[in-house]
Amino acid sequence: MIGRIVLSALLMTSSAVAFAADSSGDSVSGKAIFQHICQNCHSAEIGINKVGPSLWSVVGRKPGTVPDYSYSEAMKGNKSAWTAAALDAYLADPRGDVHGAKMFFKGLPEPRDRADVIAYLTTLK
Ligand code: HEC
């Protein structure tokens, strides 16, 4: 419960950060959002899995394929590559999207925050 409250507070901060950014996806703002929110569970470095799998080079690759990470069956069963559109749908509602129930995170409700984070993820390669 506390975790949820903290995440909500962080989400509000990130929206404020993203507010000043360009709507087409700003990787600098996205990095700040990543560091505030996603990094609690994900590393941006290759080979480092936390509660969630490493997100290094996630854009364009198949879901559920980071070695040594124990994914949910739903995520392993998802065969379509992580395009920007797929990431956008997943991050809007991680627990409602077909990709899986394991990511205990309520998502990024602001389209601009998602665009920024996806722009940042695109730089991880
Ligand atoms: C509370 C922890 C938590 C937070 C916060 C979180 N995630 Fe996750 N994430 C997970 C877990 C756990 C999984 C594995 C899901 C599964 O196996 O179904 C996951 C999976 C993913 C995947 C699929 C990775 C793959 O290898 O296919 C992506 C992409 C992702 N998260 C992006 C993000 C982004 C971007 C953020 C921040 C906006 C974020 N996550 C925040 C825990 C989290």
Side-chain angles (χ1 to χ4, degrees):
M1 200 56 199
I2 303 263
R4 275 183 181 239
I5 293 163
V6 171
L7 275 180
S8 304
L10 291 170
L11 280 171
M12 276 184 247
T13 315
S14 70
S15 300
V17 171
F19 188 66
D22 173 52
S23 63
S24 62
D26 174 352
S27 64
V28 175
S29 161
K31 182 174 185 178
I33 296 171
F34 184 91
Q35 288 175 337
H36 281 120
I37 300 172
C38 320
Q39 207 162 268
N40 290 309
C41 302
H42 291 286
S43 160
E45 288 168 55
I46 189 167
I48 300 183
N49 298 326
K50 298 163 85 175
V51 169
S54 164
L55 293 184
W56 182 81
S57 197
V58 70
V59 179
R61 74 161 162 75
K62 292 250 166 64
T65 52
V66 167
D68 302 324
Y69 182 79
S70 173
Y71 288 95
S72 64
E73 289 304 317
M75 187 63 79
K76 283 191 288 194
N78 174 35
K79 304 289 185 218
S80 356
W82 281 126
T83 58
L87 285 165
D88 187 62
Y90 182 54
L91 295 176
D93 185 9
R95 298 177 70 78
D97 189 82
V98 293
H99 298 128
K102 203 182 160 192
M103 180 153 120
F104 192 74
F105 169 50
K106 69 184 199 133
L108 292 174
E110 286 292 325
R112 188 176 296 179
D113 288 350
R114 296 197 299 274
D116 289 351
V117 167
I118 293 164
Y120 171 64
L121 292 177
T122 306
T123 69
L124 302 177
K125 51 185 148 199

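In each ligand, atom 1 is the first atom listed, and ligand 1 is the first ligand listed. Heads up: numbering here begins at 1 and tracks the sequence. Here the structure is a predicted model, which is why all the values come from computation and not from measurement.
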Peer 1: Which is it for I33 and ligand 1 at heavy atoms under 4.0 Å: side chain, backbone, both or neither?
Peer 2: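 Contact part for I33 vs ligand 1: neither.
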Peer 1: Out of all atoms in ligand 1, which are within 4.0 Å of some heavy atom of I37? Include the element for each.
Peer 2: 5 (C)
Peer 1: Judged by atom type as modelled, is there a donor-acceptor pair below 3.5 Å linking the side chain of D116 to the main-chain atoms of D26?
Peer 2: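 Checking the backbone N and O of D26 against the side chain of D116, a donor-acceptor pair under 3.5 Å is found.
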Peer 1: Which of the listed options, R114, E73, H42, holds the heavy atom that is closest to atom 6 (C) of ligand 1?
Peer 2: H42
Peer 1: Can you figure out which of G107, C41, A44, G64 has its heavy atom closest to atom 4 (C) of ligand 1?
Peer 2: C41
Peer 1: Is V117 touching ligand 1 with its side chain, its backbone, both, or neither, if touching means heavy atoms under 4.0 Å apart?
Peer 2: side chain
Peer 1: I need the contact type for R61 against ligand 1. Using non-hydrogen atoms and a strict under-4.0 Å cut-off, is it side chain, backbone, both or neither?
Peer 2: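 For R61, the contact with ligand 1 is made by the side chain alone.
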Peer 1: With a heavy-atom distance limit of 4.0 Å, tell me whether F105 approaches ligand 1 through its side chain, its backbone, both, or neither.
Peer 2: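 Looking at F105 and ligand 1, just side chain atoms fall under 4.0 Å.
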Peer 1: Please identify which atoms of ligand 1 are closer than 4.0 Å to at least one heavy atom of L87.
Peer 2: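 Those of ligand 1 that fall under 4.0 Å from L87 are 29 (C).
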Peer 1: If we set the cut-off at 4.0 Å for heavy atoms, which region of Y69 has an atom near ligand 1: side chain, backbone, both, or neither?
Peer 2: side chain
Peer 1: Check if A74 has a non-hydrogen atom at a distance under 4.0 Å from any atom of ligand 1.
Peer 2: no
Peer 1: Going by the atom numbers of ligand 1, which of them fall below 4.0 Å from some non-hydrogen atom of S72?
Peer 2: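 In order of number, 16 (C), 17 (O), 18 (O).
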Peer 1: Looking at non-hydrogen atoms alone, which of D113, V58, L55 comes nearest to atom 28 (C) of ligand 1?
Peer 2: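 Closest candidate by heavy-atom distance is L55.
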Peer 1: What do you reckon, does Y90 put a non-hydrogen atom under 4.0 Å from ligand 1?
Peer 2: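 Under 4.0 Å: yes for Y90.
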Peer 1: Hey, is L91 one of the residues with a heavy atom under 4.0 angstrom from ligand 1?
Peer 2: yes
Peer 1: Does the N or O separation between Y71 and ligand 1 drop below 3.5 Å for any pair?
Peer 2: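 Looking only at distances, the answer is yes, because the N/O contact criterion of under 3.5 Å is met.
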